[in-house]
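For reference, the structure discussed in these notes is given below.
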Number of protein chains: 4
Amino acid sequence: MIVIDSQSRQPIYEQIVEHVESLIAAGVMSQGEQLPSVRALAVELSINPNTIQKAYAILEEHGAIYPVKGKGNFVSEKDKVTDRMKGQCFGRLKETVDQAKKLGINEEEFSIKVRTYYREGKHD
Amino acid sequence: MIVIDSQSRQPIYEQIVEHVESLIAAGVMSQGEQLPSVRALAVELSINPNTIQKAYAILEEHGAIYPVKGKGNFVSEKDKVTDRMKGQCFGRLKETVDQAKKLGINEEEFSIKVRTYYREGKHD
Amino acid sequence: MIVIDSQSRQPIYEQIVEHVESLIAAGVMSQGEQLPSVRALAVELSINPNTIQKAYAILEEHGAIYPVKGKGNFVSEKDKVTDRMKGQCFGRLKETVDQAKKLGINEEEFSIKVRTYYREGKHD
Amino acid sequence: MIVIDSQSRQPIYEQIVEHVESLIAAGVMSQGEQLPSVRALAVELSINPNTIQKAYAILEEHGAIYPVKGKGNFVSEKDKVTDRMKGQCFGRLKETVDQAKKLGINEEEFSIKVRTYYREGKHD
DNA sequence: GTGGTCTAGACCACT
DNA sequence: GTGGTCTAGACCACC
């Protein structure tokens, strides 16, 4: 369910965090559902349990999951996650627009690209 | 002319690379113009000459500047730089659109944001 | 396995780059194999770790190796490397031919030399 | 008559040395002919006289030219120069062949390239 | 342990 | 003076 790219510049724990948040936002994992245990996921992805632990700690800090002692980790409210991710997404968009303006890319050209990318994704 | 954030996750040399490329793309530095010497810029930003050296080496590799031994570094063609940066910019946009689609943000909502960011920049 | 000529005009890091690429092209090191760590190789060749680091950075850029953070550097596809090297080799040949023509060496004389060099190598 | 590429990695004085030797080997400059004075050439190429001086010193060392006090520098025997250059040229060829063999390029493929490069040059 | 970045200070070749 | 290379030693993030 989770795929790791060990060659990426992005730390593995961050990849896990984003992946889990994506799954929640997409509704694949829903509120109250239990996550795989630290050890189980570590085995499945064949990476160090410490790395999973770190990912889960960040997810908890983000409010995306909550731990229940002796039981495991569970998905919390979906909205919290999606709101957070939407914020990040628009933040990135703003940076991109700022850069585009500096490069002399006008709004029209930019919008055309947006449209293209939106449509082409539909056939994935 | 160049500001460095030494706390950023982004390496200093990368910040310099991007900054110089921005200056060239914006037309602040034009073709054939001499850049500050490695040592001079190091003093100005109070960082190590090696860090500047690394940044200049990358800029050279990007085709943004060219060194003349014993003389200094000079700005090369502007087009090379802007083309490169535009490519990067649209690459980031594509990633952002992909994420937006996953989050269930439709094209209309996205486009409105683009418009907003484009307009609000006009008053900077 | 790697020999360095510290007196050569060619920078040490370039020597390492070429040496490693030769080893990969020759099949001595194969895909997925781990390279010696930056520090280990530095000790073995008794040169500074930074110099190795620079060599590995260039190898990565050439697509010859890929780093896995906290694990080490690994050999990537062989084809990428050999293609790159063949291109360089023919580039040098072209320059040599150009010079030969300027010197009034005709094609026949040149071809004889090529044959000689090719055959004599067989007894190495 | 001499063109300098100030961007090249190759030192300017070396470019001058090779250029002059080419001219002699090609018969453009013949035995006993006077070379431009250090100062004159420096002005013509708008580079530092020291650089010309260094180039002439090397040419003298190579036996390509000889100085006459109070008069200037003069071209010496053509054969000395061409022999030297042919030696260098074949030396480079040998290195190239050695590399080609390591890369698994067979003699036939190599010879074809030689032929191609030889012919294509004829239309320059 | 690993790679990645940075600093400090030195030497070299070139102009 | 300039850029280019190298050494020595340090710190960080990641696994």
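Fair warning: this is a prediction, and the values are worked out from it, not measured in the lab. Here is the naming used below: chain letters follow the sequence lines, and residue numbers restart at 1 for every chain.
Side-chain nitrogen and oxygen atoms of C:T51 include none within less than 4.0 Å of the OP1 or OP2 phosphate oxygen of F:dT5. Within the 4.0 Å cut-off from OP1 or OP2 of E:dC14, at least one side-chain nitrogen or oxygen of D:Y13 is found. Side-chain N/O atoms of C:N73 include none lying less than 4.0 angstrom from OP1 or OP2 on E:dT2.
Both distances falling under 3.5 Å, in either a Watson-Crick or a G-U wobble arrangement, place E:dC14 opposite F:dG1.
Between C:L41 atom CG and E:dG1 atom C1' there is a gap of 17 Å when expressed in whole angstrom units. Regarding D:E14, its CD atom lies at a distance of 11 Å from the C1' atom of E:dC14, rounded to whole Å. For the pair B:K71 NZ and F:dG4 P, the computed distance is 15 Å after rounding to whole Å. E:dT5 atom P lies 12 Å from atom CZ of B:R9, rounded to whole Å. At whole-Å resolution of the value, CD1 in B:I12 and P in E:dG4 are 18 Å apart. Look at NZ on B:K69: it is 8 Å from P on E:dT15, rounded to the nearest Å. With rounding to whole Å, A:I16 atom CD1 is found 12 Å from F:dC14 atom C1'. Rounded to whole Å, the distance from NZ on B:K54 to C1' on E:dC6 is 9 Å.
Residue C:Q53 places its side chain closer to E:dT5 than to any other of E:dC6, E:dT5, F:dT5. Comparing E:dA8, E:dG4, F:dG3 by their closest approach to the side chain of B:N48 singles out E:dA8. Looking at the side chain of B:S37, the nearest of the listed nucleotides F:dG3, F:dC14, E:dG4 is F:dG3. Comparing E:dC11, F:dC14, E:dT7 against the side chain of B:R39 picks out E:dC11 as the nearest.
Ion pairing between a basic and an acidic side chain is recognised when a charged N comes within 4.0 Å of a carboxylate O; B:K102 and B:D98 show no such pairing. The pair C:E33-C:K78 does not count as a salt bridge, with every side-chain nitrogen at least 4.0 angstrom from each carboxylate oxygen.
Note: C:K86 NZ to C:D83 CG = 7.0 Å, rounded to the nearest 0.5 Å. The distance from the CD1 atom of C:I16 to the CD1 atom of C:I47 is 4.0 Å, given to the nearest 0.5 Å.
For a distance-only test at 3.5 Å, the side chain of B:N50 qualifies as a donor-acceptor partner of the base of E:dG9.
Residue C:Y56 is classed as having no contact, given no heavy-atom separation below 4.0 Å to the nucleic acid. Backbone-only engagement by B:I47 is indicated by non-hydrogen atom pairs under 4.0 Å involving sugar-phosphate atoms exclusively.
Mapping C:Q10 and A:P11 onto DNA chain F by nearest heavy atom places C:Q10 closer to the 5' end of the strand. When each of B:V68 and C:S46 is assigned the nucleotide of DNA chain F with its nearest heavy atom, B:V68 is the one assigned upstream, toward the 5' end.
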### Task
Give the intermediate values and the outcome of side-chain hydrogen bond (donor to acceptor under 3.5 Å, both in side chains) for residues A:Q10 and A:E18.
CA-CA 11 Å; A:Q10 193 180 27; A:E18 291 190 2; 3.1 Å; yes
### Task
Kindly indicate, with the supporting measurements, whether the criterion side chain to side chain contact (heavy atoms under 4.5 Å, CB included) is fulfilled by D:N73 and D:Q34.
CA-CA 6 Å; D:N73 287 277; D:Q34 185 168 3; over 6 Å; no
